[in-house]
There are 2 protein chains.
Amino acid sequence: MIRLALAMEGHAGQAVTLNEADWHYVAGVMRRNVGDAIEVLAQDGLVWRARITAQCQLLLEERVVGNAPPRRSITLYQALLKGDHFSDVVERGTEAGIARFVPVVTERSIVREVSPNKAARWRTVAKEASEQSRREAVPTIEPGVRLADLRAPEGADAYVLDPRAPHERAWAEDTSRSVALVVGPEGGFTPGEYAFLYDKGFRPLSLGPRVYRAENAGAFAAVLFLQ
Amino acid sequence: MIRLALAMEGHAGQAVTLNEADWHYVAGVMRRNVGDAIEVLAQDGLVWRARITAQCQLLLEERVVGNAPPRRSITLYQALLKGDHFSDVVERGTEAGIARFVPVVTERSIVREVSPNKAARWRTVAKEASEQSRREAVPTIEPGVRLADLRAPEGADAYVLDPRAPHERAWAEDTSRSVALVVGPEGGFTPGEYAFLYDKGFRPLSLGPRVYRAENAGAFAAVLFLQ
């Protein structure tokens, strides 16, 4: 469904006349014709389903309630990072569609606990990034856990990002199952931690030949799983 | 090809004995057997092709020269952004595999020129992000251009990120053609600018229902095109 942003507020049953540039976009570029439905994003942020009734003419039919939720629910188990980098993870990951963030304390984590201030700040970042990216549901941020408490959740596809893994494009398998994704700290997991996670049911996942920083890896993976 | 990071330096013909955790990873988790080839990342950053000769035993055969270049060459035409956000674009985009960045001045660009200092800084960011992500080739950063000078390059798949476009997963078409990608400034392109770009041969592209900030959109798109 194409979406046209218009400088107006809308109501059901309203007729709208498009200017030449918008009509060129709808008809010339996007090849939509009389009788087709499109979406209109109004100035107040509401989205309307509209019908093309004639050249340059739309009729607003009904309000569209938000965006569909991401087609797979993704939980990111992210090792705590130095400084404020976990905020970056929440910001980029929220934009990318992650549903739930779980901070994890690992052997190489320099930061080893989640202060109430930090947790509150991450919730604010998640809320603002949700608004920015027009997500209806704000992702949840869970209390911190120790790596030793992680288990692959039942019914989910559970992965550890591991740059040693072969590039097998697991995200391209068509599935609607939930995804549990574990991402290490700046220095990576220790061999013992990888071994522990594989023992607990997680599978190795590579995002390809390039190596991503911890702040980007979770978001990049979510973009692939939700495409 | 799986890759094992080992705390050693290597030479051709060297025999290596793996510890139990590494052998468990190779044989138990990744299911590689005697006779299979794997890669070894040595402490000095060099990568070796190695053969499994017996349980816990590897033989380093030859040096692997860097990672393969990204399978499609991506040029990002990125509208100039406020403050230092263009640096973020270069950093994330380099990790994601973009080959060439072209800064673009648009109607809504608040920053309207590229100072020599800024250009030098972006080149440093590109170099550091290349090393971080183990890319052999550092992406190039071109001088700034005006939007009015853009044309879809011949022989490339040319797109404008447009949140109004239908979600058609253009990146999933299997092709090795180059990609030219135009991403707007914080406030988006004006309707006239979109119309101009479509007239010059670019096609509208949506990355899905979520809306990405300008700092992330180019990198997220590159991750999809290079998967």
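Every chain is numbered from 1, with letters handed out A, B, ... down the list of sequences.
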Practice task
Can you tell which part of A:Asp162 gets under 4.5 Å to a heavy atom of chain B, answering side chain, backbone, both or neither?
Solution key: side chain
Problem - Side-chain heavy-atom pair A:Val90, A:Ile141 within 4.5 angstrom cut-off - result: yes
Problem - Region of B:Ile38 that comes under 4.5 Å of a non-hydrogen atom in chain A - result: neither
Exercise for the section: Tell me, for B:Tyr25 versus chain A, whether the close heavy atoms (under 4.5 Å) come from the side chain, the backbone, both or neither. Expected result: side chain
Handout entry: Interchain contact, B:Arg203 with chain A, by part (heavy-atom threshold 4.5 Å)
Key = neither
Exercise for the section: Check ring-ring contact (aromatic ring centres under 6.0 Å, His included) between B:Tyr77 and all other residues, then give those that pass, not counting sequence neighbours. Expected result: none
Exercise for the section: Measure the CG-CG distance between A:Leu181 and A:Leu161 for me, rounded to the nearest 0.5 Å. Expected result: 5.0 Å
Problem - Choice from A:Glu215, A:Gln227, A:Met30 maximising heavy atom contacts with chain B below 4.5 Å - result: A:Gln227
Fill in the blank from the handout: Separation between CZ (B:Arg121) and OG (B:Ser87), nearest 0.5 Å, reads 4.0 Å
Practice task
Give a yes or no on whether a salt bridge exists between A:Asp157 and A:Arg72, defined as a side-chain N under 4.0 angstrom from a carboxylate O.
Solution key: yes
Handout entry: side chain to side chain contact (heavy atoms under 4.5 Å, CB included), paired with B:Tyr159, selected from B:Phe202, B:Trp171, B:Phe225
Key = B:Phe225
Exercise for the section: Quick one: closest heavy-atom pair of B:Val211 and A:Ser133, and the distance? Expected result: O-CB, 3.0 Å
Practice task
Measure A:Ala96 against the heavy atoms of chain B and call it side chain, backbone, both or neither at under 4.5 Å.
Solution key: both
Problem - Residue B:Val223 versus chain A: region with a heavy atom under 4.5 Å - result: both
Practice task
Answer with side chain, backbone, both or neither: which region of A:Leu226 has an atom nearer than 4.5 Å to a non-hydrogen atom of chain B?
Solution key: both
Handout entry: B:Glu186 and B:Arg213 ion-paired at < 4.0 Å
Key = no
Completion exercise
Counting heavy-atom pairs under 4.5 angstrom with chain B, the leader among A:Glu91, A:Arg169, A:Glu95, A:His24 is A:Glu95
Handout entry: A:Phe86/A:Trp122 aromatic ring centres below 6.0 Å
Key = yes
Handout entry: Which atom of B:Ile98 lies closest to which atom of B:Pro139, heavy atoms considered
Key = O-CB, 3.4 Å
Exercise for the section: Among A:Ala165, A:Ala21, A:Gly208, single out the residue with the greatest number of heavy-atom pairs under 4.5 Å to chain B. Expected result: A:Ala165
Handout entry: Carboxylate-amine/guanidinium contact A:Arg49 A:Glu61, below 4.0 Å
Key = no
Problem - Contact class of A:Tyr212 relative to chain B, heavy atoms under 4.5 angstrom - result: both
Practice task
Indicate yes or no for a side-chain donor-acceptor contact from A:Arg151 to the backbone of A:Ala148 under 3.5 Å, with no hydrogens or angles considered.
Solution key: yes
Exercise for the section: Could you tell me which residues in residues 188-199 of chain A have at least one non-hydrogen atom under 4.5 Å from a non-hydrogen atom of chain B, sorted by residue number? Expected result: A:Pro191, A:Ala195, A:Tyr198
Exercise for the section: Select one option (side chain, backbone, both, neither) describing which atoms of B:Arg92 are under 4.5 Å from chain A's heavy atoms. Expected result: both
